[in-house]
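When reading the values below, keep in mind they use all heavy atoms of this one structure, side chains included, and skip hydrogens, waters and symmetry mates.
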Amino acid sequence: MKRMLLFALSMCSLTVFSQDLIVTKQDKTIKAKIEEVSDAEIRYKEFDNPTGPTFVVKTTDISTVVYSNGTVKNYLADEPEMSSKETEEVKVSKGKLYYKGEKMTTQEFLDLTESSCPQAFELRNKGRNQLTAGCTLLACSGGLFLTSFFMDDPALEISILAVGTLSVVTSIPLIFCGDNKRHKAVGVYNQQCAKPKTTSELRLNVKSNGLGLAFVF
């Protein structure tokens, strides 16, 4: 009986790792078996219906994809960089933050938004905490799975394997939600709190009665 339970828990763990997860920009999580990936779209079948119809989702509608082998593809980081000519915006390029042309750390973003944009500060801070917790749980689950194979006591082995499986299941939503909140915080800051740049230009105007100087703001 104990061996059967151990086998069931092992199969549960393999199921968690064998599915692909697609997270859309609307925070919808799709459990899928991805069949084909291109620059414009992803073709997939529903994980619970592998013989069913093939669905298509545009990459422009996707936030993140986590493949069954653990690889994470962040489509938000691949979006075209936002222009910062008119506002002092925070730009995202290849997962890195940039402000006024300089690379910015997460802590620097928090320092910038703590007083000037509380809503972005809170969102980024929550996202960072959730992502850290999710990655920690995922790392711990790997250690637990490895430890379970060296247990001589079947009951203890089952318990450790169960805790490891629970850690994996719990970590995935935390990683997704945390990563989404971190990127949304940048969008909130740029849309609601970024200050317009003030630029001035000195022009020389030629008039019928002579030359004139004019400041254009």
Original post:
Between the side chain of R182 and the main-chain N/O of R124, is any donor-acceptor distance below 3.5 Å?
Top reply: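 No, the answer is negative, given that no donor and acceptor are paired below the 3.5 Å cut-off.
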Subject >> Under 3.5 Å donor-acceptor, K45 side chain and K33 backbone >> reply: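 No, because the side chain of K45 does not come within donor-acceptor range (under 3.5 Å) of the backbone of K33.
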Is it the case that one hydrophobic cluster holds both [X] and [Y], taking links as side-chain heavy atoms less than 4.5 Å apart, direct or via other members?
| X | Y | result |
| --- | --- | --- |
| I30 | V37 | yes |
| Y99 | L97 | yes |
| V188 | F121 | no |
| V186 | M104 | yes |
| Y189 | L110 | no |

Original post:
side-chain contact (heavy atoms from CB on, under 4.5 Å) between V90 and Y98: does it pass, once the steps are laid out?
Top reply: CA-CA 6 Å; V90 175; Y98 293 87; over 6 Å; no
Residue pair [X] / [Y], side-chain heavy-atom distance below 4.5 Å:
| X | Y | answer |
| --- | --- | --- |
| E35 | T54 | yes |
| K25 | D61 | no |
| I34 | I22 | yes |
| L21 | K31 | yes |
| L131 | C135 | yes |

Subject >> Residue list, side chain to side chain contact (heavy atoms under 4.5 Å, CB included) with E122, at least two apart or on another chain >> reply: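 Expected list: K126.
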Original post:
For I175, which of L138, V23, L137 qualifies under side chain to side chain contact (heavy atoms under 4.5 Å, CB included)?
Top reply: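 Between I175 and the candidates, side chain to side chain contact (heavy atoms under 4.5 Å, CB included) is satisfied uniquely by L138.
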Please name the pair of heavy atoms, one in [X] and one in [Y], separated by the smallest distance, quoted to 0.1 Å.
| X | Y | value |
| --- | --- | --- |
| S167 | L144 | OG-CD1, 4.2 Å |
| A185 | L123 | N-CD2, 3.6 Å |
| T136 | T132 | OG1-O, 2.7 Å |
| T59 | D39 | OG1-O, 2.8 Å |
| D20 | S68 | OD1-N, 2.8 Å |
| Q119 | C193 | NE2-SG, 4.1 Å |

How long is the span from the [atom1] atom in [X] to the [atom2] atom in [Y], to the nearest 0.5 Å?
| X | Y | atom1 | atom2 | value |
| --- | --- | --- | --- | --- |
| T147 | I160 | OG1 | CD1 | 6.0 Å |
| E41 | K58 | CD | NZ | 9.0 Å |
| N180 | Q130 | CG | CD | 10.0 Å |
| T51 | E46 | OG1 | CD | 10.5 Å |
| Y75 | H183 | OH | NE2 | 14.0 Å |
| T64 | D179 | OG1 | CG | 4.5 Å |

**OP:** If the plane angle is over 60° it's perpendicular, under 30° parallel, otherwise tilted; pick one for F55 and Y44.
**Re:**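 Because their plane-to-plane angle is under 30°, the rings of F55 and Y44 count as parallel.
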Subject >> Chi angles and distances behind the side-chain contact (heavy atoms from CB on, under 4.5 Å) call for I42, V57 >> reply: CA-CA 5 Å; I42 289 180; V57 58; 4.0 Å; yes
**OP:** Please say whether more than 12 non-hydrogen atoms of neighbouring residues, nucleotides or ligands are located less than 6.0 Å from CD in E102.
**Re:**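 Count not over threshold, so no.
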Subject >> D111: partners by side-chain hydrogen bond (donor to acceptor under 3.5 Å, both in side chains), with sequence neighbours left out >> reply: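 With sequence neighbours excluded, D111 shows a side-chain hydrogen bond (donor to acceptor under 3.5 Å, both in side chains) to Q107, given in chain and number order.
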Original post:
Ion pair present between E89 and K91, side-chain N to carboxylate O less than 4.0 angstrom?
Top reply: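 No, E89 and K91 are not salt-bridged.
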